[in-house]
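Down below is the structure, laid out as structure tokens.
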2 protein chains.
Amino acid sequence: MKPRHDHRSEDCRAISALLQRVGDKWTVLVVTTLGKGPMRFSELRYAIGGISQKMLTTTLRSLERDGFATRTVFPTIPPRVDYELTNLGRELLVPVTALSEWARANTERINKARARFDATVK
Amino acid sequence: MKPRHDHRSEDCRAISALLQRVGDKWTVLVVTTLGKGPMRFSELRYAIGGISQKMLTTTLRSLERDGFATRTVFPTIPPRVDYELTNLGRELLVPVTALSEWARANTERINKARARFDATVK
DNA sequence: CCGTATCCGATGAGATACTG
DNA sequence: CAGTATCTCATCGGATACGG
């Protein structure tokens with residue numbers, strides 16, 4: 001039987017899941033950086049700056065798992081690994097970019113609201 | 001003087017921050033629910049379903065702090081507290097809805113990619 | 001160069017119990 | 001009814017060290 005808080009809630013949860021997925025600390029940064037073109041591990045690390053090796057590896061694995069990026073190993077010495085967005089990854093970039101634009105346009109308003117709130121509430 | 005479309009990682013970090021902000025477990029669910037109209041605490045809790053009292057309070061405080069929602073107390077007995085989206089909150093809903101649509105349209109592709117990855121990598 | 005393993009502190013989130 | 005206070009457990013993310 002259908003619970004009374006029905007239909008929409010299901011969809012919202014799926015959306016929440018995606019937002020949590022792309023809302024972790026590094027995913028957006030990595031995806032937008034890869035959006036400029038294929039890049040190898042060390043280039044990515046340098047381009048992003050401040051990300052640990054562990055988190056870059058973890059983030060890239062997740063992207064690969066979800067079909068947002070591909071991983072190509074060149075068995076040379078020293079080894080070289082290239083990462084590239086898939087079509088799905090590039091499509092993801094579209095709504096994410098929309099949100100980005102919103103963020104850029106509105107961070108100031110949010111910061112002001114926070115300052116106001118923090119000032120009045122102790 | 002904002003001639004170019006600048007993809008500095010500073011901007012990306014601000015975007016990451018917003019995504020983490022709205023990417024927590026309950027924010028999107030609460031905001032989209034409030035998008036249907038003002039609602040009191042207990043209505044929200046029931047409408048969402050599965051959220052603990054603590055997390056609903058916490059989430060609503062954050063929304064209030066960031067200027068996405070307002071909180072109105074009616075000093076009756078028993079007390080009644082209404083929550084409502086601000087203009088900023090309703091504006092946020094626009095890009096979030098875009099991402100929602102993308103999520104709905106593509107969860108299947110993501111799930112398939114995951115299944116493939118998990119099958120080959122184990 | 002790229003990736004893994006381990007340890008550790010910080011944060012997230014649920015359960016429960018209590019107050020005005 | 002709405003909110004606070006603890007307690008507890010899981011997960012996140014950084015630092016460091018090691019391996020192919």
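Computed from heavy atoms alone, side chains included, the values below leave out hydrogens, waters and symmetry copies. To find a chain, count down the sequence lines: A is the first, B the second, and so on, and within it residues start at 1.
Between A:R109 and B:E91 a salt bridge is recorded (basic side-chain N to carboxylate O distance below 4.0 Å). Look at B:D118 and B:R116 and you find no salt bridge, because none of the NZ, NE, NH1 or NH2 atoms lies under 4.0 Å from a carboxylate O. Salt-bridge check for A:R104 with A:E101: passed, with a basic side-chain N closer than 4.0 Å to an acidic carboxylate O.
Looking at heavy atoms from C-beta onward, A:Q53 lies in side-chain contact with A:F41 at the 4.5 angstrom threshold. Two residues are said to be in side-chain contact when any heavy atoms from C-beta on lie closer than 4.5 Å; B:Y83 and B:M39 fail this criterion.
When the options B:L99, B:T97, B:V96, B:L93 are evaluated for a side chain to side chain contact (heavy atoms under 4.5 Å, CB included) with B:V28, the one that passes is B:V96.
Phosphate proximity of C:dC2 to A:Y83: absent, as no side-chain N or O sits under 4.0 Å from OP1 or OP2. The shortest distance between the side-chain N/O atoms of A:T57 and the OP1/OP2 oxygens of C:dC2 is not below 4.0 Å. For the pair B:R40 and D:dA2, the criterion of a side-chain N or O lying under 4.0 Å from OP1 or OP2 is met. Taking side-chain N and O atoms only, A:R71 has a distance below 4.0 Å to OP1 or OP2 of C:dG3. Between D:dG13 and A:T58, no contact under 4.0 Å exists linking OP1 or OP2 to a side-chain N or O.
Looking at heavy-atom distances under 4.0 Å, B:R61 makes contact with sugar-phosphate atoms alone, never a base. Within the nucleic acid shown, B:F74 has no heavy atom closer than 4.0 Å to any nucleic acid atom.
Atom CG in A:L56 sits about 12 Å away from atom P in C:dT4, given to the nearest Å. A straight line from CE of A:M39 to C1' of C:dC2 spans 17 Å, rounded to a whole angstrom. In this structure, A:R80 places its CZ atom 8 Å from P of C:dC2, rounding to the nearest Å. The separation between B:D82 atom CG and D:dC1 atom P is 14 Å, rounded to whole Å.
Checking side-chain atoms of A:T120 against main-chain N and O of A:F117 turns up a donor-acceptor pair under 3.5 Å.
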Check nucleotides 11-16 of chain C against the protein and report each pair of N or O atoms closer than 3.5 Å, with its distance, or say if there are none.
residue : atom : partner : partner atom : Å
C:dA13  : OP1  : B:K25   : N            : 3.2
C:dA13  : N7   : B:K54   : NZ           : 3.4
C:dG14  : OP1  : B:K25   : NZ           : 2.9
C:dG14  : OP2  : B:W26   : NE1          : 3.4
C:dG14  : O6   : B:K54   : NZ           : 2.5

